[in-house]
Participant: 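Would you mind keeping the following structure in view while I ask a few things?
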Number of protein chains: 2
Amino acid sequence: MTTHKTCQASEETENAVLRGGELERFLGYRLRLAQILSYRKFEESFTDHGVAPRYLGLLGIVRANPGQLQNRLAEAVGLQRSSLVAILDRLEKEGILERRPIPDDRRAKGVWLTEHGESVVAVLSRAALEHEEGLTRGISPADRMRLIDMLGQVIDNLRD
Amino acid sequence: MTTHKTCQASEETENAVLRGGELERFLGYRLRLAQILSYRKFEESFTDHGVAPRYLGLLGIVRANPGQLQNRLAEAVGLQRSSLVAILDRLEKEGILERRPIPDDRRAKGVWLTEHGESVVAVLSRAALEHEEGLTRGISPADRMRLIDMLGQVIDNLRD
DNA sequence: CAGATATAGTTCGATGAAGAACTATACGTT
DNA sequence: AACGTATAGTTCTTCATCGAACTATATCTG
């Protein structure tokens with residue numbers, strides 16, 4: 001392990017964020033980093049709306065699939081069933097969604113957005129659109145579509 | 001809120017993973033999902049190597065930037081400084097890396113991979129390559145490169 | 001029908017990450 | 001030099017998530 005002196009020419013690179021060398025060519029590496037940073041930035045832009053911003057993905061799934069079972073929702077967002085309990089408790093408490101027994105299976109509950117939840121999702125979705133513009137600066141609309149499609153392919157691959 | 005009957009034609013869609021409706025067009029949504037699933041799959045493929053697989057990204061950064069400060073590493077992987085402490089403790093305990101005081105700043109420590117750490121990273125990187133093949137099935141090599149480049153652009157945008 | 005097996009939602013303990021606060025150190029200003 | 005401000009790594013608490021275990025319910029098999 002050697003120590004090397006800083007020279008003037010590399011002062012600018014000294015202040016830059018460290019890079020991951022060969023791992024920069026790995027999709028998994030960039031996926032993780034992009035997600036952490038994106039997630040954080042989206043959440044930082046909210047000081048209201050309770051916990052809902054964090055769970056916009058889940059709320060979108062509930063909205064598109066009203067009355068679905070909790071285990072189905074957990075699967076869809078990539079969480080364990082047990083993790084979803086506290087989340088649903090919170091969102092239910094905030095009046096955003098409600099759980100109700102379903103007629104075919106007495107073990108299970110269906111999940112629905114409330115009217116309030118619908119409006120919260122609408123607000124957050126608009127904010128998310130704005131957030132997306134920051135994410136994709138310098139990327140053409142066509143390329144953005146390609147990016148999203150390819151991520152969809154990755155997701156499908158992982159779900160096989 | 002209406003309940004609707006299941007008909008035969010949608011039995012196949014009934015078993016499919018729930019989708020996110022309009023949110024499927026959001027990069028943030030797909031980023032998160034792709035990352036959760038990818039991360040989980042990568043980790044599931046390891047029963048040895050201690051905690052190292054989880055932190056391959058970090059180890060890659062350490063490897064590419066030997067002797068850098070902890071706060072710089074935390075920044076690079078998108079973690080808080082406090083979170084990095086326990087991680088480094090673990091990795092140091094497993095003989096993968098070492099922290100050492102640096103001469104210019106008595107508050108700070110530099111982080112280096114050990115020889116053992118180098119070999120662990122090599123093994124994990126090969127496994128990650130294999131993992132990548134599963135992720136990108138059905139995506140051409142050129143498109144995969146495009147995907148990675150675009151994610152790099154997203155990351156740079158988020159770091160501005 | 002009885003019993004074995006599987007499953008939905010929940011609880012609880014463990015783990016990883018964030019955030020506040022801390023100590024020691026460094027830097028800037030007067 | 002003295003003092004105010006900033007910072008690196010750490011500790012401790014809180015929170016989100018996982019995984020094991022649980023109870024009630026559903027399904028399958030003989």
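Residue numbers begin at 1 in each chain, while the letters A, B, ... track the order of the sequences.
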Participant: Would you please confirm or rule out a distance under 4.0 Å between OP1 or OP2 of D/dT17 and any side-chain N or O of A/Arg90?
Facilitator: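 The answer is no; no side-chain N or O of A/Arg90 sits under 4.0 Å from OP1 or OP2.
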Participant: Expressed in angstrom and rounded to an integer, what is the separation of B/Ile102 atom CD1 from D/dA8 atom P?
Facilitator: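 Taking CD1 of B/Ile102 and P of D/dA8, I get 10 Å after rounding.
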Participant: Which whole-number value in Å describes the distance from B/Gln68 CD to D/dA8 P?
Facilitator: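 Going from CD in B/Gln68 over to P in D/dA8 covers 12 Å.
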Participant: Calculate the interatomic distance between A/Arg100 atom CZ and C/dG9 atom C1'; express it in whole Å.
Facilitator: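 Atom CZ in A/Arg100 sits about 17 Å away from atom C1' in C/dG9.
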Participant: Without decimals, in angstroms, what is the distance between B/Glu75 CD and C/dA18 C1'?
Facilitator: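 So the two atoms are 17 Å apart, to the nearest Å.
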Participant: For A/Arg146, I'd like to know if atom CZ has over 12 heavy atoms of other residues, nucleotides or ligands within 6.0 Å.
Facilitator: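 Result for CZ/A/Arg146: open.
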Participant: Check every atom of D/dT17, C/dA8, D/dA16 against the side chain of A/Ile87 and return the nucleotide holding the closest atom.
Facilitator: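 Minimum distance to the A/Ile87 side chain belongs to D/dT17.
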Participant: Testing B/Asp89, B/Leu79, B/Val111 one by one against B/Leu84 for a side-chain contact (heavy atoms from CB on, under 4.5 Å), which residue passes?
Facilitator: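 Looking at B/Asp89, B/Leu79, B/Val111, the match for B/Leu84 under the side-chain contact (heavy atoms from CB on, under 4.5 Å) is B/Leu79.
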Participant: If you check the A/Arg81 side chain, which of C/dG9, D/dT17, D/dA8 turns out closest?
Facilitator: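 The answer is C/dG9.
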Participant: Take the protein atom CG of B/Leu69 and the nucleotide atom P of D/dT10, then report the distance between them rounded to whole Å.
Facilitator: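 My rounded result for the distance is 12 Å.
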Participant: Quick one: label B/Arg106 by what it contacts on the DNA or RNA (base, sugar-phosphate, nothing), any heavy atom closer than 4.0 Å.
Facilitator: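 Here B/Arg106 touches the backbone only, sparing every base.
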Participant: Would the distance check show the side chain of B/Arg72 and the main-chain N or O of A/Ala16 forming a donor-acceptor pair, the cut-off being under 3.5 Å?
Facilitator: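 Checked: pair present.
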Participant: Verify, without hydrogens or angle tests, whether B/Thr136 (side chain) and B/Arg144 (backbone) share a donor-acceptor contact under 3.5 angstrom.
Facilitator: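 Here the side-chain-to-backbone pair does not exist.
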Participant: Ignoring hydrogens and angles, state whether a donor on the side chain of A/Gln153 or A/Asp149 is under 3.5 Å from an acceptor on the partner side chain.
Facilitator: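 On atom types as modelled, these side chains do not qualify, holding no pair under 3.5 Å.
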Participant: Is the distance from OP1 or OP2 of D/dC18 to the nearest side-chain N or O of B/Tyr39 less than 4.0 Å?
Facilitator: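 Result: no.
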Participant: Between C/dT10 and A/Arg99, is there an OP1 or OP2 to side-chain N/O distance shorter than 4.0 Å?
Facilitator: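 The answer is yes; a side-chain N or O of A/Arg99 sits under 4.0 Å from OP1 or OP2.
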Participant: Using a 4.0 Å heavy-atom cut-off across all strands, classify A/Gly78 as base, sugar-phosphate, or nothing.
Facilitator: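 Sugar-phosphate contact only - A/Gly78 comes under 4.0 Å of backbone atoms but never of a base.
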Participant: If you find the nucleotide of DNA chain C closest to A/Asp89 and the one closest to A/Ile36, which residue's nucleotide is nearer the 5' end?
Facilitator: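 In this pair, the answer is A/Asp89.
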Participant: If you take atom types as modelled and just measure distance, does the side chain of B/Arg107 reach the base of D/dT7 with a donor-acceptor pair under 3.5 Å?
Facilitator: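 Result: at least one qualifying N/O pair found.
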Participant: Does the side chain of B/Asn71 get closer than 4.0 angstrom to OP1 or OP2 of D/dT7 through an N or O atom?
Facilitator: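 No, B/Asn71 has no side-chain N/O under 4.0 Å of OP1/OP2 on D/dT7.
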Participant: Give the rounded distance in Å between these two atoms: CG of B/Leu73 and C1' of D/dT10.
Facilitator: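 That distance rounds to 16 Å.
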Participant: Does atom CD of A/Glu43 have more than 12 heavy-atom neighbours, drawn from other residues, nucleotides or ligands, at distances under 6.0 Å?
Facilitator: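 Yes, enclosed.
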Participant: Can you identify which nucleotide, out of C/dA17, D/dT17, D/dA8, has its nearest atom closest to the A/Arg32 side chain?
Facilitator: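 The closest nucleotide is C/dA17.
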Participant: Please determine whether a side-chain nitrogen or oxygen atom of A/Gln80 lies at a distance below 4.0 Å from atom OP1 or OP2 of D/dG19.
Facilitator: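 Yes.
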Participant: Taking 4.0 Å as the cut-off, does a side-chain nitrogen or oxygen of A/Gln70 come that near to OP1 or OP2 on C/dT10?
Facilitator: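 So the side-chain polar atoms of A/Gln70 do come within 4.0 Å of the phosphate oxygens OP1 or OP2 of C/dT10, strictly under.
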Participant: So, is A/Ser83 close to the D/dA16 phosphate, meaning a side-chain N or O under 4.0 Å from OP1 or OP2?
Facilitator: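 So the side-chain polar atoms of A/Ser83 never come under 4.0 Å of the phosphate oxygens OP1 or OP2 of D/dA16.
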Participant: Between A/Asp104 and B/Ser82, which has a closest nucleotide on DNA chain D that is more 5'?
Facilitator: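 It is B/Ser82, whose closest nucleotide lies nearer the 5' terminus.
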Participant: Rounded to whole angstroms, how far apart are CG on A/Leu79 and P on D/dA16?
Facilitator: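 Rounding to the nearest Å, CG of A/Leu79 and P of D/dA16 are 12 Å apart.
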Participant: Among C/dT11, D/dT25, D/dA8, which is the nearest nucleotide to the side chain of A/Asp105?
Facilitator: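 Of the options given, the side chain of A/Asp105 lies nearest D/dT25.
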Participant: More 5' along DNA chain C: A/Leu88 or A/Arg40, using each one's nearest nucleotide?
Facilitator: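 Looking at DNA chain C, the more 5' nearest nucleotide goes with A/Leu88.
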Participant: Assign A/Leu84 to base, sugar-phosphate, or nothing according to its heavy-atom contacts below 4.0 angstrom with the strands shown.
Facilitator: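 No contact.
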